[in-house]
J.: 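This is the structure, below, for whatever I ask next.
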Amino acid sequence: MNIEQSKSIVRESISEITNGEVEPTDEMNLIGKEAELDSMKLVELCLTLEDKAGAIGFEFDWTSESAMSRSRSLFRTVTSLAEEFLAQSEMGK
């Protein structure tokens with residue numbers, strides 16, 4: 001997997017959990033005042049990514065101590081979340 005594939009997985013997951021009501025972009029805010037997802041949808045997104053990671057063959061752990069220490073950057077944008085997803089996929093190989 002590369003970063004573009006990882007971004008695509010995150011964008012597709014956002015579309016799935018919002019039933020296509022949100023058009024995700026790479027720089028879409030996931031947290032903060034301008035976030036397009038509420039906190040419940042953000043958790044739903046992470047659970048969806050856990051499932052997709054399992055299907056790919058690795059464990060996506062967005063609740064780990066290291067992930068939470070990077071939580072501001074991890075959940076900042078679609079790109080930052082995709083970068084973490086990719087990093088964990090590479091460590092899980």
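All values below were derived from every heavy atom in this structure, side-chain atoms included, with hydrogens, water molecules and symmetry-related copies excluded.
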J.: Are Arg76 and Glu83 within salt-bridge range, i.e. N to O under 4.0 Å?
T.: no
J.: Is the shortest side-chain heavy-atom distance between Leu37 and Asn29 below 4.5 Å?
T.: no
J.: Could you tell me whether the side chain of Asn2 and the main chain of Glu4 form a donor-acceptor pair under 3.5 Å?
T.: yes
J.: Which residue is it: Val43, Leu45, Leu42? I am looking for the one with a side-chain contact (heavy atoms from CB on, under 4.5 Å) to Ile17.
T.: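 For Ile17, the side-chain contact (heavy atoms from CB on, under 4.5 Å) check succeeds only for Leu45.
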J.: For Glu16, is the CD atom crowded, meaning more than 12 foreign heavy atoms sit under 6.0 Å from it?
T.: yes
J.: On a heavy-atom basis, which atom in Phe60 and which in Cys46 lie closest, and how many Å separate them?
T.: CD2-O, 4.3 Å
J.: Is there a donor-acceptor pair under 3.5 Å between the side chain of Asn19 and the backbone N or O of Glu21?
T.: no
J.: Tell me whether Gln88 contacts the main-chain N or O of Asp61 through its side chain, where contact means a donor paired with an acceptor under 3.5 Å.
T.: yes
J.: Which atom names give the shortest non-hydrogen contact between Phe85 and Met1, and what distance separates them?
T.: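 Taking Phe85 first and Met1 second, the nearest heavy atoms are CE2-CE, 3.9 Å.
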J.: Taking C-beta and beyond as the side chain, do Lys52 and Glu12 meet within less than 4.5 Å on heavy atoms?
T.: yes
J.: So, the side chain of Ser89 versus the backbone of Leu86: is there a donor-acceptor pair under 3.5 Å, distance only?
T.: yes
J.: When you measure from the side chain of Thr77 to the backbone N and O of Glu27, does any donor-acceptor pair fall under 3.5 Å?
T.: no
